[in-house]
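Chain letters run A, B, ... following the sequence lines, proteins first, then strands; residues in each count from 1. Remember, predicted model here, so these are calculated numbers, not experimental data.
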2 protein chains.
Amino acid sequence: MAARTAYHHGDLRRTLLDAALDLIAEQGVAAVSLRGLARRAGVSHAAPAHHFTDKAGLFTAIAVEGHHLLADAMTAGTAAGGGPGHGARGAGDGDGTDAPAAVLRELGVRYVRFALDHPAHFDVMFRLDLCRADDPGLAAARERSGALLNSAVPGGPHGPRRRGYVLAAWSVAHGFATLWREGSLARSVGDGTPENYFEEAADVLFAPADPPAAG
Amino acid sequence: MAARTAYHHGDLRRTLLDAALDLIAEQGVAAVSLRGLARRAGVSHAAPAHHFTDKAGLFTAIAVEGHHLLADAMTAGTAAGGGPGHGARGAGDGDGTDAPAAVLRELGVRYVRFALDHPAHFDVMFRLDLCRADDPGLAAARERSGALLNSAVPGGPHGPRRRGYVLAAWSVAHGFATLWREGSLARSVGDGTPENYFEEAADVLFAPADPPAAG
DNA sequence: TCCCGAATCTTGTCATTGACAAGATTGCGG
DNA sequence: CCGCAATCTTGTCAATGACAAGATTCGGGA
């Protein structure tokens, strides 16, 4: 890579974020240092401070971006950003109006796909000890991605048994993604794709052997 | 705390581990430093090196201990350490031989309880980027705790649909524990206990509204 | 078109950390 | 009782995060 000669980098913030994401995906969060990222971007050791203030600021920016990307992934392909209702793939009924269970299942598949496609974002998003926990942008982004799962259940998140569904759906997606990412699941199953395995797990929740009573 | 006067601490390894666990539970993994732990234990900055070689050695020791504690928690109260079959609390049948679903449910409850009771261990156990990933003791400990979930399903872990159950059971327990620990779930539910909420989620898997077909 | 100031950098410094080396102390086994 | 391994202490160096002071330049306003 040719050494940079201009004083102004041009897009140092994005460059540093991308360098951090690559490093995290390869070597984990613990490998990140501001000076290392600055070297990689070809700037002085203090240049990142202007864009992120400090190391916690860098991780906060990654977490905020991750929550928004996740929320986008969970709403892609839908009208008014309400969720994957229309056109969603899932074990739902065929009349065009998806059962809530099918919507939750599809959200779970997208959650796991997000984690696999954005491993570094996913690793950082739930590491509040690395972030500025009181950052308003982070709180808003977390709220946005969390609310989507709650909104997917008809009757609101406080209906009977529906809270159990939301907790189960979110937990199984997050747990699967985390354990797959860390290697525990991959070690104990065969060599299929993680998405296929996740769908096996999701079908335990959403497509039981005996179909549930209507309602 | 009175300053230590003897040259030999007596049980420095345990003291450093406990200091690290307290710090992690309070401020997160990122707050740990070997020198900080040494000060807390009243020894010189290089004393920890004898017990752990380096920082990765400290985290590896915590992860190994955690996996064994988790395995112990999941086998407590059973004969021959095979799982919580006899005397387990759960939505199982009453004839003394627990349904596999009830056993998985009870394992999940214990998994979450472990995470809540040992937050620092739980945080470190799945952070391979902090550990010596090739440590044989760590590999064995991970194998032990992971195998328990696989062994709980009759027909072995490769039976039809049973792999989905194991993946779902492990994922929902791990996901719930991680998200609760991080605060995402607590923010979106009321003020019940985490165990009660987990049981709501677990019942979606293991106690569906319509009981599953026999077999 | 020019000027000024904000944005964006560079260089330097200091405290802290991890890792390593050399040496001191002591408890336990032979 | 002695020797050695285990367990420490003191010191050093490179790297890091944070902060300060100053340099450069780009864009907006007069």
Side-chain angles (χ1 to χ4, degrees), chain A residues 1-20 23-24 26-63 124 127-135, chain B residues 1-20 22-24 27-63 124 127-135:
Chain A
M1 169 174 74
R4 185 175 59 87
T5 52
Y7 188 94
H8 277 236
H9 180 280
D11 198 1
L12 182 57
R13 186 180 191 279
R14 184 71 256 162
T15 300
L16 293 169
L17 285 169
D18 289 341
L23 191 55
I24 293 165
E26 288 162 22
Q27 301 179 37
V29 168
V32 169
S33 77
L34 291 176
R35 291 197 185 215
L37 297 178
R39 274 195 301 276
R40 210 159 155 164
V43 294
S44 66
H45 60 268
H50 174 74
H51 299 278
F52 301 109
T53 305
D54 55 14
K55 198 174 183 182
L58 171 77
F59 283 127
T60 302
I62 291 175
V124 172
R127 290 290 311 276
L128 293 188
D129 61 320
L130 297 175
C131 300
R132 290 207 205 93
D134 58 351
D135 184 273
Chain B
M1 171 175 73
R4 182 173 61 85
T5 51
Y7 188 96
H8 276 237
H9 180 280
D11 197 4
L12 182 58
R13 186 180 190 278
R14 184 73 256 161
T15 299
L16 293 168
L17 285 169
D18 290 341
D22 288 345
L23 191 57
I24 293 165
Q27 302 178 35
V29 168
V32 170
S33 77
L34 290 176
R35 292 199 183 212
L37 298 178
R39 275 196 299 275
R40 210 158 156 167
V43 294
S44 66
H45 60 269
H50 175 72
H51 300 279
F52 301 108
T53 305
D54 55 15
K55 197 173 183 182
L58 171 76
F59 284 126
T60 301
I62 291 174
V124 172
R127 290 290 311 278
L128 293 188
D129 61 319
L130 297 175
C131 299
R132 292 208 201 93
D134 59 350
D135 185 274

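Listed by chain and number, the residues in a salt bridge (Lys or Arg N to Asp or Glu O under 4.0 Å) with A/Arg13 amount to none (sequence neighbours excluded). Under the side chain to side chain donor-acceptor pair (under 3.5 Å) criterion, A/Asp129 pairs with A/Arg127, not counting sequence neighbours. Residues meeting the salt bridge (Lys or Arg N to Asp or Glu O under 4.0 Å) test with B/Asp11, sequence neighbours left out: none. When the salt bridge (Lys or Arg N to Asp or Glu O under 4.0 Å) test is applied to B/Asp22, no partner is found at least two apart in sequence or on another chain.
Computed from coordinates, the A/His51 NE2 to D/dA18 P distance equals 16 Å when rounded to whole Å. One can place CG of B/Leu12 at 13 Å from C1' of D/dT9, the figure rounded to the nearest angstrom. Here D/dC8 presents its P atom at 11 Å from CZ of B/Phe52, a figure rounded to the nearest Å. As a whole-Å value, the separation of A/His50 NE2 from C/dT10 P is 12 Å. In this structure, A/Leu37 atom CG and D/dT16 atom C1' are separated by 12 Å, rounded to whole Å.
The stretch residues 51-63 of chain B participates, sequence neighbours left out, in these salt bridge (charged side-chain N to carboxylate O under 4.0 Å, His left out) pairs: B/Asp54-B/Arg132.
Side-chain contact between A/Leu58 and A/Val32 is present, with heavy atoms from C-beta onward closer than 4.5 Å.
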What is the per-nucleotide protein-contact pattern of nucleotides 17-25 of chain C, from the 5' end, where B denotes a base atom under 4.0 Å from a protein heavy atom, S denotes such proximity for sugar-phosphate atoms only, and - denotes neither?
-> BBBBB-BBB

